[in-house]
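Written out below as structure tokens is the structure these notes cover.
Just so you know, ligand 1 is whichever comes first in the structure, and atom 1 is the first atom listed for that ligand.
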Amino acid sequence: MTDPTFADVVRTRCSTRHFLATAVDPRQIQGILEDAQRAPSNCNTQPWQVHIVSGRSREAVSEAMLEAADRQAYSPDFSWDDAAYTGVLGERRQEQGKTYYQALGIAKDDREARVKAWRDNLRFFGAPHAAFLFMPEVGDGVRVASDIGMYAQTFLLSLTSRGLVGVPQTLLGMFADPVREVLGIGSEMKLLFGISFGYEDVSGLSARVRMERAPLAESVQFHD
Ligand SMILES: Cc1cc2nc3c(=O)[nH]c(=O)nc-3n(C[C@H](O)[C@H](O)[C@H](O)COP(=O)(O)O)c2cc1C
């Protein structure tokens, strides 16, 4: 089999939320991290601090997040506000939710099933590994957060190129305090989001949710 082209990798990557329990070979994980380390950053500052959880630490972090969720003890380092997504962004956000819940076969008013799907985030959707992406506080954080985004996309494309899958999860960032506590991380490091990753369970209902993209004209303007 020939290696996938760059276009193949970019176009086949998608967020997968059904994983096999099969662990990824540590050498593969090392390779993914080496790839992601090549991400560009402002002034080459490379501000990412990445914590990979597997095995017992994965269990412990998941349990701590679920326990905090039961108490509604959210501790995000960065705000999230659904209502801040207005206009076309709000429409796209709603479309994403609709497509996702339809793929899972969950009705709009089925609160119990929606809560379960939400909590599955905190179980890493069954993935055997997760990467927690931490960053130092620098100014208003926007520049450093953009570097972390560069890192995350490189990480995700590396997964795809190796026949693996992942899903970035802001929800994992809603429980920064318990994650820091379990992993022994100081409060000066801020949690932006996490990425669950591993092998895809193709039997999963939502394993193949394909999210469309807006036409280029909605995003790009050419100026001569
Ligand atoms: C920074 C970031 C945070 C995200 N957070 C979540 C999340 O908490 N839970 C989730 O199921 N998906 C999450 N997603 C996945 C998006 O829903 C997904 O990327 C988007 O719908 C486009 O689909 P695709 O990744 O399959 O192309 C996140 C994506 C990004 C980039």
Side-chain angles (χ1 to χ4, degrees), residues 7-19 36 39 47-48 50 53 61-62 65-66 68-69 74-82 84-85 88-106 113-127 129-135 141-161 164-176 178-179 190-198 200-202 204-216 218-219:
D8 291 336
V9 172
V10 172
R11 282 154 209 273
T12 55
R13 184 214 60 80
C14 69
S15 295
T16 299
R17 299 173 181 85
H18 283 269
F19 294 86
W48 41 81
V50 183
V53 297
V61 171
S62 176
M65 290 191 297
L66 285 163
Y74 308 108
S75 51
D77 289 330
F78 302 95
S79 67
W80 176 270
D81 178 8
D82 283 350
Y85 285 84
V88 72
L89 302 190
E91 286 164 24
R92 289 179 192 154
R93 195 179 70 78
Q94 285 193 346
E95 186 59 32
Q96 190 272 336
K98 207 169 105 189
T99 308
Y100 174 52
Y101 287 116
Q102 262 172 12
L104 284 174
I106 297 176
R114 282 186 174 231
V115 170
K116 187 191 167 299
W118 185 91
R119 287 173 68 89
D120 279 348
N121 271 273
L122 309 181
R123 298 189 180 94
F124 311 112
F125 297 110
H129 314 283
F132 283 90
L133 306 186
F134 282 86
M135 52 180 266
V142 175
R143 305 293 171 202
V144 174
S146 68
D147 297 334
I148 308 300
M150 296 278 172
Y151 181 93
Q153 173 69 337
T154 312
F155 187 104
L156 292 168
L157 293 178
S158 179
L159 289 173
T160 307
S161 75
L164 297 162
V165 290
V167 55
Q169 293 167 263
T170 288
L171 254 171
L172 297 179
M174 295 295 140
F175 300 94
V179 175
K190 304 300 173 192
L191 177 56
L192 194 57
F193 60 92
I195 301 175
S196 298
F197 65 97
E200 183 174 23
D201 177 356
V202 288
L205 264 178
S206 68
R208 289 275 158 212
V209 184
R210 189 76 196 154
M211 296 306 303
E212 294 306 327
R213 292 298 191 268
L216 274 190
E218 288 186 26
S219 307

Does the separation of the ring centres of Trp80 and Tyr85 fall below 6.0 angstrom?
yes
Looking at Arg17 and Glu200, does any basic side-chain N land under 4.0 Å from a carboxylate oxygen?
no
Please examine the side chains of Leu172 and Phe193, heavy atoms only from C-beta on, and report whether any two atoms are closer than 4.5 Å.
no
Specify whether Phe175 and Tyr74 have parallel, tilted or perpendicular ring planes, treating 30° as the upper limit for parallel and 60° as the lower limit for perpendicular.
tilted
Return a table of N or O atom pairs, ligand 1 on one side and protein on the other, at distances under 3.5 Å, rounded to 0.1 Å.
residue  : atom   : partner : partner atom : Å
ligand 1 : 5 (N)  : Pro168  : O            : 3.2
ligand 1 : 5 (N)  : Thr170  : N            : 2.8
ligand 1 : 8 (O)  : Thr170  : N            : 3.1
ligand 1 : 8 (O)  : Leu171  : N            : 3.0
ligand 1 : 9 (N)  : Asn121  : OD1          : 3.0
ligand 1 : 11 (O) : Arg17   : NE           : 2.7
ligand 1 : 11 (O) : Arg17   : NH2          : 3.4
ligand 1 : 12 (N) : Arg17   : NH2          : 3.1
ligand 1 : 14 (N) : Pro168  : O            : 3.1
ligand 1 : 17 (O) : Arg17   : NH2          : 3.3
ligand 1 : 17 (O) : Gln96   : NE2          : 3.2
ligand 1 : 19 (O) : Ser15   : OG           : 3.4
ligand 1 : 25 (O) : Arg13   : NH1          : 3.1
ligand 1 : 25 (O) : Arg13   : NH2          : 3.3
ligand 1 : 25 (O) : Ser15   : N            : 3.4
ligand 1 : 25 (O) : Ser15   : OG           : 2.6
ligand 1 : 26 (O) : Ser15   : N            : 2.8
ligand 1 : 27 (O) : Arg13   : NH2          : 2.9
ligand 1 : 27 (O) : Arg213  : NH1          : 3.4
ligand 1 : 27 (O) : Arg213  : NH2          : 2.8

Those residues that, when tested against Lys116, pass side-chain hydrogen bond (donor to acceptor under 3.5 Å, both in side chains) (two or more places apart)
Asp120
Could you go through Val53 and Val61, starting from their C-alpha distance and side-chain angles, then the distance that decides it, and tell me whether this counts as side chain to side chain contact (heavy atoms under 4.5 Å, CB included)?
CA-CA 8 Å; Val53 297; Val61 171; 4.1 Å; yes
